[in-house]
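This report refers to the structure that appears directly beneath it.
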Amino acid sequence: MNPVKQEGRTATEEAVRMSRETLTITDNRTGKTCEIPIKDGTIRAMDLRQIKKDAKDFGMMSYDPSFNNTALCHSKITYIDGDAGILRYRGYPIEELAEKSTYLETAYLILYGELPNAKQLEHWSYDITHHTFIHESIKKFLDGFHYDAHPMGMMISTIAALSTFYPEAKDIFNEESRRKQTYRLIGKMPTLAAFAYRHTLGMPFAYPDNELSYTGNFLNMLFKTTELKYRPNPTLERALDILFILHADHEQNCSANAMRCVGSSHVDPFSATAAATAALYGPLHGGANEEVLRMLMEIRSVGRVPEFIKKVKAGEGKLMGFGHRIYKNYDPRARIIKHIADQVFEIMGKNPLLEIALECERIALEDDYFVTRRLYPNVDFYTGLIYQSMGFPMTMFPVLFAIPRTSGWIAQWEEMLLDPEQKIARPRQVYLGADQRAYVPMELRK
Ligand code: CMC
């Protein structure tokens with residue numbers, strides 16, 4: 001039996017239409033139909049413009065506050081399947097990278113698409129290590145901050161300030177220049193972070209030690225006191241390195257989006273990274289790890305967890321470190337982090353807040369409110385506990401996120417710059433404000 005003939009098409013025409021990768025839209029206001037191509041499971045928002053009420057009409061747009069269902073770019077860097085809890089950098093599962101790679105290897109992979117061979121890794125590590133020093137004048141900026149200034153505020157300002165020391169960074173379409181700024185950004189982030197930390201303690205700055213690993217040197221700049229040579233604890237050094245791997249990129253999150261958006265104006269990468277760092281500072285993004293600790297301290301004891309969860313369910317605050325825009329399953333990074341926590345606690349002693357965190361997780365994973373909304377622990381739920389046990393103050397937690405995320409930001413920025421389809425980011429709006437009206441003189445205003 002022939003299928004029913006639709007809208008004047010023959011059955012064959014209909015079959016051809018059905019086999020095509022297209023979307024047919026009928027505008028019920030005008031009765032007109034248009035066919036829009038589907039590619040990679042998406043339609044182009046610009047294709048909607050042809051849908052018009054009449055010739056004067058601007059054309060249809062899609063309305064998508066906070067980009068819930070809008071792909072901003074084509075990307076080859078990071079793959080996430082939020083339902084299945086999968087995260088891969090350039091095709092490699094995060095679990096394998098965390099087990100077998102170092103942060104610097106991972107950063108290379110994220111930036112250049114392939115794992116480095118031994119020679120490439122040697123050069124890469126050398127180049128990063130030889131760009132760790134910062135201009136002495138940066139210390140003067142740091143001196144200007146109050147002793148209790150938040151290190152993220154200091155980071156944002158000093159990263160932006162780097163652009164004034166390297167004006168050639170404006171040459172963003174020069175590959176050599178981009179590579180140099182990449183070394184500088186990845187190399188100097190730990191130094192800026194450590195100097196900001198030492199400023200808050202009123203301690204003299206500890207300079208980079210080229211003989212140490214990326215994370216080993218960072219620990220040296222943070223914690224070195226009177227010893228002639230700082231030797232990081234290898235377990236803590238590796239734990240931090242794995243945490244850096246887990247934080248290196250996460251596709252189009254708020255800060256990556258800030259990096260791309262600000263970078264799309266063709267500003268230098270230091271200014272764009274300062275913007276991305278500012279985006280990361282927020283409690284809904286990289287600031288969440290700090291908020292988790294504050295929350296656990298406020299809960300105070302395991303016995304008070306049910307009462308706290310009740311308040312969250314009543315809309316009085318959030319269970320920080322839970323939920324994710326993309327993951328509707330256990331965040332794969334959170335699983336790895338739980339293992340690292342055990343190793344760190346073995347050396348540093350168990351964090352007394354751990355029991356409260358575990359109880360929050362246990363109750364939440366069984367509670368209808370969290371189950372129906374598919375809210376699971378995210379990367380930030382356990383990192384704060386580890387960082388605290390390692391001796392970091394809470395205000396440093398988002399900084400520990402920003403350092404490794406720099407490689408992801410640069411990769412996202414470069415991908416955006418080299419994509420011929422990308423232009424300056426400039427969303428549309430649906431204007432719902434007043435129509436033109438007569439100006440009201442002061443004496444007539446209410
Ligand atoms: N505690 C309690 N309720 C929550 C939570 C939470 N942590 N997260 C989401 N919900 C509720 C939310 O109120 C909403 O409920 P309803 O449907 O009744 O209005 C529902 O779950 C959906 O949440 P949403 O706010 O629409 O989800 P989103 O995709 O806009 O937000 C999020 C994602 C991460 C901002 C959010 O889950 C959140 O605020 N979590 C706490 C902060 C946090 O841990 N952030 C770190 C994210 S992972 C690392 C990173 O990206 O930086």
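Residues: numbered from 1 along the sequence shown. Atoms within a ligand are numbered from 1 in the order they appear, just like the ligands themselves.
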Query raised in the report: Counting only heavy atoms on the protein side, is anything nearer than 4.0 Å to atom 45 (N) of ligand 1?
Result: yes
Query raised in the report: ligand 1 and Leu319, any nitrogen or oxygen pair closer than 3.5 angstrom?
Result: yes
Requested in this report: Give a yes/no verdict on a cation-pi contact between Arg374 and Tyr376, requiring under 6.0 Å between NZ or CZ and the six-membered ring centre and an angle within 45° of the axis.
Outcome: no
Report task. Check step by step if side-chain contact (heavy atoms from CB on, under 4.5 Å) holds for Gln343 and Arg238. Result -> CA-CA 10 Å; Gln343 293 165 13; Arg238 178 63 187 148; 6.0 Å; no
Query raised in the report: Could a heavy atom of Phe401 be found less than 4.0 Å from some atom of ligand 1?
Result: yes
Query - Ile159 side chain reached by Leu185 side chain, heavy atoms, under 4.5 Å - result: yes
Query raised in the report: What residue and heavy atom of the protein are closest to atom 34 (C) of ligand 1, and at what distance?
Result: Gly323 O, 3.7 Å
Requested in this report: Would you please determine whether Asn253 falls within less than 4.0 Å of ligand 1 on a heavy-atom basis?
Outcome: no
Query - atom 19 (O) of ligand 1 protein-contacted, heavy-atom criterion under 4.0 angstrom - result: no
**Report entry** Under the side chain to side chain donor-acceptor pair (under 3.5 Å) test, residues paired with Ser264 that sit two or more places apart
**Finding:** none
Report, one line per pair, each donor and acceptor closer than 3.5 Å where one atom sits in a side chain of residues 384-399; sequence neighbours left out.
residue: Gln388; atom: OE1; partner: Asn351; partner atom: ND2; Å: 2.9
residue: Ser389; atom: OG; partner: Leu385; partner atom: O; Å: 3.1

Query raised in the report: Which of the numbered atoms in ligand 1 are below 4.0 angstrom from a heavy atom of Leu284?
Result: 39 (O), 45 (N), 46 (C), 47 (C)
Query raised in the report: Using a heavy-atom cut-off of under 4.0 Å, does the side chain or the backbone of Leu280 touch ligand 1, or both, or neither?
Result: neither
Report task. Determine, stepwise, if the pair Arg260 / Glu415 fulfils salt bridge (Lys or Arg N to Asp or Glu O under 4.0 Å). Result -> CA-CA 9 Å; Arg260 280 180 176 260; Glu415 193 176 63; 2.7 Å; yes
Query raised in the report: Any N or O on Ala288 sitting closer than 3.5 Å to an N or O of ligand 1?
Result: no
**Report entry** Residues Asn253 and Ser255: side-chain donor-acceptor under 3.5 angstrom
**Finding:** yes
Report task. Determine, counting only non-hydrogen atoms of the protein, whether one lies under 4.0 angstrom from atom 32 (C) of ligand 1. Result -> no
Query raised in the report: Does a side-chain heavy-atom distance below 4.5 Å link Gln422 with Cys73?
Result: yes
Report task. Would you check the N or O atoms of Leu375, main chain and side chain alike, for any that come under 3.5 Å of an N or O of ligand 1? Result -> no
Query raised in the report: Can a salt bridge be assigned to the pair Lys338 and Glu361 using a cut-off of 4.0 Å between side-chain N and carboxylate O?
Result: yes
Query raised in the report: Which residue owns the protein heavy atom closest to atom 21 (O) of ligand 1, what's the atom, and how far is it?
Result: Arg373 CD, 3.3 Å
Query raised in the report: How far is atom 42 (C) of ligand 1 from its nearest protein heavy atom, and which residue and atom is that?
Result: Met320 CE, 3.5 Å
Query raised in the report: Atom CE of Met61 and atom CE of Met46: how far apart are they, to the nearest 0.5 Å?
Result: 11.0 Å
Requested in this report: Indicate whether the side chain of Thr70 and that of Asp64 have a donor and an acceptor atom separated by less than 3.5 Å.
Outcome: yes
Report summary line: ligand 1 to Phe322, heavy atom cutoff 4.0 Å, flagged ligand atoms 6 (C), 7 (N), 8 (N), 37 (O), 40 (N), 41 (C), 44 (O)
Query raised in the report: Which of these, Tyr327, Tyr79, Tyr89, sits in a ring pair (Phe, Tyr, Trp, His ring centres under 6.0 Å) with His250?
Result: Tyr327
Requested in this report: State whether Phe165 and Arg184 meet the cation-pi test: NZ (Lys) or CZ (Arg) under 6.0 Å from the six-membered ring centroid, and within 45° of the perpendicular axis.
Outcome: no
Requested in this report: For the residue pair Gln412 and Gln252, confirm or rule out a side-chain donor-acceptor distance under 3.5 Å.
Outcome: yes
Query raised in the report: Taking only heavy atoms of Tyr369, which atoms of ligand 1 are found under 4.0 Å from at least one of them?
Result: 2 (C), 3 (N), 4 (C), 11 (C), 13 (O)
**Report entry** Protein residue, atom and distance nearest to atom 2 (C) of ligand 1, heavy-atom basis
**Finding:** Val312 CG1, 3.5 Å
Report task. Specify whether the nearest protein heavy atom to atom 8 (N) of ligand 1 is under 4.0 angstrom away. Result -> yes
Requested in this report: Measure from atom 23 (O) of ligand 1 to the protein's non-hydrogen atoms and state whether any distance is below 4.0 Å.
Outcome: no
**Report entry** Atom indices of ligand 1, in the order listed, that fall short of 4.0 Å to a heavy atom of Val379
**Finding:** 49 (C)
Requested in this report: Please state which part of Lys318 comes within less than 4.0 Å of ligand 1, counting heavy atoms only: side chain, backbone, both or neither.
Outcome: both
Query raised in the report: Nearest protein heavy atom to atom 39 (O) of ligand 1: under 4.0 Å?
Result: yes
**Report entry** Numbered atoms of ligand 1 (with element) below 4.0 Å of Gly321, judged on heavy atoms
**Finding:** 43 (C), 44 (O)
Query raised in the report: For atom 28 (P) of ligand 1, which candidate among Arg325, His324, His285, Lys313 provides the closest heavy atom?
Result: Arg325
Requested in this report: Indicate the ring-plane relationship of His150 and Tyr281, choosing parallel, tilted or perpendicular according to the 30° and 60° boundaries.
Outcome: tilted
Report summary line: among protein heavy atoms, the one nearest atom 49 (C) of ligand 1 is Asp380 OD2, 3.2 Å
Report summary line: Here the atoms of ligand 1 under 4.0 Å from any heavy atom belonging to Gly286 are 52 (O)
Query raised in the report: Does the protein put a heavy atom less than 4.0 Å from atom 26 (O) of ligand 1?
Result: no
Requested in this report: State whether the number of non-hydrogen atoms from other residues, nucleotides or ligands found under 6.0 Å of Tyr431 atom OH is greater than 12.
Outcome: yes
Query - Nitrogen or oxygen atoms of Asn378 and ligand 1 under 3.5 Å apart - result: yes
